[in-house]
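Below is one structure, written out as structure tokens; comments come after it.
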Protein chains: 2
Amino acid sequence: MEMSLKRRETMHRLCAKGLEIFNEKGYYNTSLDDILTELNLSKGAFYHHFKSKEDYFISIVQNLMVQKVYALLVEPLDTFENPLPIIVESLENALEPGRQNEMAYGFMLNDFLTEFHKRNEEISRYLKDIINVWEVNLVSVLKKGKVDGHIARHVDCEGVATYIIASFMGMRTLMMDSSNRQLKYQYIQQLKQYFKSLETERVLA
Amino acid sequence: MEMSLKRRETMHRLCAKGLEIFNEKGYYNTSLDDILTELNLSKGAFYHHFKSKEDYFISIVQNLMVQKVYALLVEPLDTFENPLPIIVESLENALEPGRQNEMAYGFMLNDFLTEFHKRNEEISRYLKDIINVWEVNLVSVLKKGKVDGHIARHVDCEGVATYIIASFMGMRTLMMDSSNRQLKYQYIQQLKQYFKSLETERVLA
DNA sequence: CCTTTAACCGACCCACCGGTCGGTAACAGA
DNA sequence: TCTGTTACCGACCGGTGGGTCGGTTAAAGG
């Protein structure tokens, strides 16, 4: 039962454009026709491929968002160096607009999580799963950093991961409008400041 | 042109219940009838007091949200002590559920800001104003702390304020469901850790 | 070719919701 | 007691948007 090429292509076009517009205007504020018009497709075409708007969005989450978050925030962590600068770099990079896509994939998570919170339990779960994957990987790389002597022994890795994620998510709310250059700089600076307090103390000569 | 007592009372009942339900289910996901049914009021009554749903929400923001945020996050800062523990305490307190009201007023801001972002410019502005007041007060108390010798001279107060607000906001996204006890604890611990790195270095004996 | 099935079209349905409007009840002041 | 005003009622309107369905086109397979 191979999916035909045509089918795959149309579904992918729908998902890609859907992510773009949902990200711009929000899920509930975007009608299917908003998306279909831009693709010159009809309601009929849509419901031939997806069984509902919800099903459609879940496809987007699983096919596009997961990969993007993974590529931007999880894979960069896979290194043997000191994890703290690596984490800073990955966050800095994730905040950079228009890198190859012009969407801030880390931010979307915050927006969508808030939007679906208490409105759609199922979609919320899928989104939370993504955060969980990120968190687990952060914790693991932090623990490795502890073993390798980059991070002080007293540090609570789970707590640090939570704090990193929270501050990153929260930046979205603040960066919503304009002047994001300054905000991003402030954020990265303070993050580094915070990370300094997690480092193993320099041994006195 | 005094507003009659009856009028004030009904308007206040509407605002209070509105805040409660909007906070629970979101603005766009709550119909006026959802609120009116609970108060045994009619559409007619509503439009006798407010000119639109938007106008109504703005009333809620200005009459209720502003005060609450002020009381929870701004007023506690007004002290002559070391500001850092004061800030921690205010955030800890703001995260405490069911203190006298069972709504986390700090959190609402994050939710509503996200919800109105790109959907209603005017309401977004009112909400951002609240954040701004908070930020300005944070910066001011941090600067005072610097003068008083509690905070190291190299610290960028604006950056710190941004970082505090971001992490606080972001906690909402993570605390959405269950297990908030643990998360709150982790957050406060890491915040303290971060603050330690802002303190004036202990003078060597 | 002819048949079958996948891809797609778009008119239509209906529930929901913000907002309107012509009323009624109650109360205050004269 | 009469009158005007304030508070409130609830049927109704109209736009919106998810989802349906009876089609048509086009490609694939025999």
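We use all heavy atoms of the structure for the numbers below, so side chains are in, but hydrogens, waters and symmetry mates are not. In what follows, chains carry the letters A, B, and so on, assigned in the order in which the sequence lines appear, proteins first and then strands, with residues in each chain numbered from 1.
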Discussion item. Please report the distance, rounded to the nearest Å, between NE2 in B:His48 and C1' in C:dG22.
Written reply: 15 Å
Fill in: Salt bridge present between A:Glu199 and A:Lys146 (N-O < 4.0 angstrom)
no
Mind listing the N/O atom pairs, protein and nucleotides 14-20 of chain C, below 3.5 Å?
from	atom 1	to	atom 2	distance (Å)
C:dG18	OP1	B:Thr30	O	3.4
C:dG18	OP1	B:Lys53	NZ	2.7
C:dG18	OP2	B:Leu32	N	2.8
C:dG18	N7	B:Lys43	NZ	3.2
C:dG19	OP2	B:Tyr47	OH	2.9
C:dG19	OP2	B:Lys53	N	2.8
C:dG19	O5'	B:Tyr47	OH	3.3
C:dG19	N7	B:Lys43	NZ	3.2
C:dG19	O6	B:Lys43	NZ	2.8

Discussion item. Using a 3.5 Å distance criterion without hydrogens, assess whether the side chain of B:Glu92 forms a donor-acceptor pair with backbone atoms of B:Ile188.
Written reply: no
Fill in: Euclidean distance, atom CG of residue A:Asn40 to atom C1' of C:dC8 [Å, nearest integer]
12 Å
Practice prompt. Tell me, please, which residues at least two apart from A:Asp55 pass side chain to side chain contact (heavy atoms under 4.5 Å, CB included).
Written response: A:Phe50, A:Lys51, A:Ser52
Worksheet item: Below 4.5 Å, heavy atoms only, C-beta onward: do B:Ile130 and B:Val61 meet side chain to side chain?
Response: yes
Worksheet entry | Test item: side-chain donor near acceptor, A:Ser90 and A:Asn93, under 3.5 Å | no
Item to complete: Compare side-chain N and O positions of B:His49 against OP1 and OP2 of D:dC8 and report whether any pair is under 4.0 Å apart.
Response: yes
Worksheet item: So which of residues 118-127 of chain B are in contact with DNA chain D, with a heavy-atom cut-off of under 4.0 Å?
Response: none
Discussion item. If you take the centroid of each ring, where Trp contributes its six-membered ring, are B:Tyr47 and B:Tyr56 closer together than 6.0 Å?
Written reply: no
Worksheet item: Salt bridge or not for A:Glu20 and A:Lys17, using N-O below 4.0 Å?
Response: yes
Discussion item. If I take atom CG in residue A:Leu39 and atom P in nucleotide C:dC9, what distance separates them, rounded to the nearest angstrom?
Written reply: 10 Å
Discussion item. As an exercise, state the distance from CD of B:Gln190 to OG of A:Ser197, rounded to the nearest 0.5 Å.
Written reply: 8.0 Å
Worksheet item: Parallel under 30°, tilted from 30 to 60°, perpendicular over 60°: which one fits the rings of A:Phe107 and A:Phe168?
Response: tilted
Worksheet item: B:Arg13 CZ to D:dA7 P: how many Å, rounded?
Response: 14 Å
Worksheet entry | A:Arg7 side chain near C:dA7 phosphate (N/O to OP1/OP2, under 4.0 Å) | yes
Worksheet item: If you measure from the Lys or Arg side-chain nitrogens to the Asp or Glu carboxylate oxygens, is any gap between B:Glu9 and B:Lys6 under 4.0 Å?
Response: no
Worksheet entry | Short side-chain N/O contact from A:Ser4 to OP1 or OP2 of C:dA7, under 4.0 Å | yes
Could you run down the sub-3.5 Å N/O contacts of the protein with nucleotides 26-30 of chain D?
none

Discussion item. Enumerate the side-chain hydrogen bond (donor to acceptor under 3.5 Å, both in side chains) contacts for residues 151-166 of chain A, please, sequence neighbours excluded, ordered by first and then second residue.
Written reply: A:Lys143-A:Glu158, A:Thr162-B:Gln186
Practice prompt. Just do the side-chain contact (heavy atoms from CB on, under 4.5 Å) check on B:Glu135 and B:Asn132 with the steps written out, would you?
Written response: CA-CA 5 Å; B:Glu135 198 205 332; B:Asn132 273 342; 3.9 Å; yes
Between the protein and nucleotides 24-30 of chain C, which nitrogen or oxygen pairs are less than 3.5 angstrom apart?
none

Worksheet item: Parallel, tilted or perpendicular: which fits the ring planes of A:Phe57 and A:Phe116, with parallel below 30° and perpendicular above 60°?
Response: tilted
